[in-house]
Each structure stands twice: as structure tokens, then as C-alpha cells.
Amino acid sequence: MLPQSITLPSDLLNGAQVVSSRPTMRYIVSLPGMPASSLVMGLTIFDLSNGRRVFCCTELADNPGRSVTNAWPELAQDLLSEVGGADWESAVFVEHYFPGSYKGGKIEEVFDLVEFDSSRDGFPHPRWRRLLTGTTRGVAREG
């Protein structure tokens with residue numbers, strides 16, 4: 001089940017406006033090192049007035065492969081090369097969970113900004129920052 005609509009958290013927009021968006025679609029990707037089953041997720045693309053492109057990646061309950069959380073940074077590279085419209089500097093990657101992300105659907109909607117740090121060894125390591133939605137507080141974690 002795909003989300004019916006997605007509203008980006010205002011702290012992600014940072015003063016920019018959404019100038020266009022595409023409806024959420026099922027997106028299937030084969031990532032290096034994955035078994036035969038592919039990652040299946042929801043993908044919503046937003047173009048912002050500041051020239052940035054937001055790739056909002058939604059975990060789905062029927063995903064047979066690796067989770068969205070465990071697919072970074074290979075997922076980011078796939079989105080840039082296969083979907084396009086952005087480069088590493090203008091792309092914004094967002095991980096999205098909603099009630100349809102899990103069987104039973106008993107979680108609140110959350111958004112995490114995914115950023116990459118390559119200062120340790122030259123390889124991009126994901127770092128997540130919870131985006132504020134309603135009463136959610138920002139938290140950071142590294143991978």
C-alpha cells in the first residue's frame with residue numbers, strides 16, 4: 001500500500017517552496033550484494049524553489065528485500081543515476097515511514113533526512129536526522 005499523499009515537514013523546506021511533485025509510485029531497485037529479491041519502496045519526488053530535488057523513499061510492508069534504512073548509500077546512487085534530475089549537491093534524501101510501512105500499521109508517520117559523511121575513509125556513511133512533524137522531536141543517528 002502506498003501513502004495517499006505526502007506533506008514534507010517544514011523544517012526540511014528551510015524556506016523553500018515545493019514547485020512540483022510527482023505522485024508516489026512503486027520503485028523497484030536491485031542493489032549490489034542483494035539476493036534475487038529487490039528493494040521495493042514508495043518514491044515521491046519533489047522539486048523545490050531553491051533548485052533542490054527531494055527523493056522521499058517510503059518503506060512498504062510488502063518490501064521483499066533490504067529495508068530502505070539498510071540500503072543507503074547504494075540507494076542514493078541508484079536514484080541519482082536511474083531517476084536523475086539532481087547531483088549529490090542538489091539532492092535531498094528522505095526516509096519515510098507511515099502506518100503502511102509495517103504489517104498491522106500501528107506507527108506514526110516519521111521522516112528522517114539522510115545525509116552522507118565521507119570524511120572517515122572516503123566512503124559515504126549515512127547519518128539520519130529526524131525531521132519535525134507535529135510533536136516529534138529531532139534526533140540524530142549514524143550508520
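Because the structure is a prediction, the values reported are computed rather than measured.
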**Q** From Asp112 CG over to Arg130 CZ, what is the distance, rounded to the nearest 0.5 angstrom?
**A** 4.0 Å
**Q** Taking the side chain as everything from C-beta on, heavy atoms only, tell me whether Arg53 gets closer than 4.5 Å to Ile45.
**A** yes
**Q** If every non-hydrogen atom of Leu2 is compared with every non-hydrogen atom of Phe98, which pair is closest and at what distance?
**A** C-CZ, 3.9 Å
**Q** Per the side-chain hydrogen bond (donor to acceptor under 3.5 Å, both in side chains) rule, which among Thr24, Thr58, Thr44 passes with His96?
**A** Thr58
**Q** Mind checking whether Trp88 and Phe116 have parallel, tilted or perpendicular rings, split at 30° and 60°?
**A** perpendicular
**Q** Test Asn63 against Leu39 for side-chain contact (heavy atoms from CB on, under 4.5 Å), laying out the working first.
**A** CA-CA 6 Å; Asn63 174 16; Leu39 164 63; 3.2 Å; yes
**Q** Does the side chain of Val110 reach to within under 4.5 Å of the side chain of Glu108, using non-hydrogen atoms?
**A** yes
**Q** I want to check something: taking the side chain as every heavy atom from C-beta on, are Val114 and Arg127 in contact at a cut-off of under 4.5 Å?
**A** no
**Q** What are the two closest non-hydrogen atoms of Leu79 and Cys57, and how far apart are they?
**A** CD1-SG, 3.7 Å
**Q** Which residues pass the side-chain hydrogen bond (donor to acceptor under 3.5 Å, both in side chains) test with Ser90, sequence neighbours left out?
**A** Asp87
**Q** Verify the distance criterion only: is there a donor paired with an acceptor across the side chains of Trp72 and Glu95 at less than 3.5 Å?
**A** yes
**Q** Enter the distance from Thr69:OG1 to Leu75:CG here, rounded to the nearest 0.5 Å.
**A** 10.0 Å
**Q** Report the relative orientation of the aromatic rings in Phe55 and Phe93; use parallel for angles under 30°, tilted for 30 to 60°, perpendicular for over 60°.
**A** parallel
**Q** Donor-acceptor check, side chain of Ser30 to backbone of Ser38, threshold 3.5 angstrom: yes or no?
**A** no
**Q** Assess whether a salt bridge exists between Asp62 and Arg26, defined as any Lys/Arg side-chain N lying under 4.0 Å from an Asp/Glu carboxylate O.
**A** yes
**Q** Does the distance from a Lys or Arg side-chain N to an Asp or Glu carboxylate O, for Glu74 and Arg66, drop under 4.0 Å?
**A** yes
**Q** Just wondering, do Pro64 and Val40 contact through their side chains at under 4.5 Å, heavy atoms?
**A** yes
**Q** Is Arg22 reaching over with its side chain to a backbone N or O of Leu43, donor-acceptor style, under 3.5 angstrom?
**A** no
**Q** For residues Val19 and Val83: do they belong to one hydrophobic cluster (side chain heavy atoms under 4.5 Å, members Ile, Leu, Val, Met, Phe, Trp, Tyr)?
**A** no
**Q** Looking at every heavy atom in both Phe46 and Val18, which two are closest together, and how far apart are they?
**A** CD2-CG1, 3.9 Å
**Q** Tell me, do Glu82 and Tyr27 make a side-chain contact under 4.5 Å, heavy atoms counted?
**A** yes
**Q** Would you say the side chain of Glu115 lies within less than 4.5 Å of the side chain of Pro126, judging by non-hydrogen atoms?
**A** no
**Q** Sequence neighbours left out, cut at 3.5 Å: what donor-acceptor pairs do the side chains of residues 3-17 make with other protein atoms?
**A**
| from | atom 1 | to | atom 2 | distance (Å) |
| --- | --- | --- | --- | --- |
| Asp11 | OD1 | Leu132 | N | 3.3 |
| Asp11 | OD2 | Leu132 | N | 3.1 |

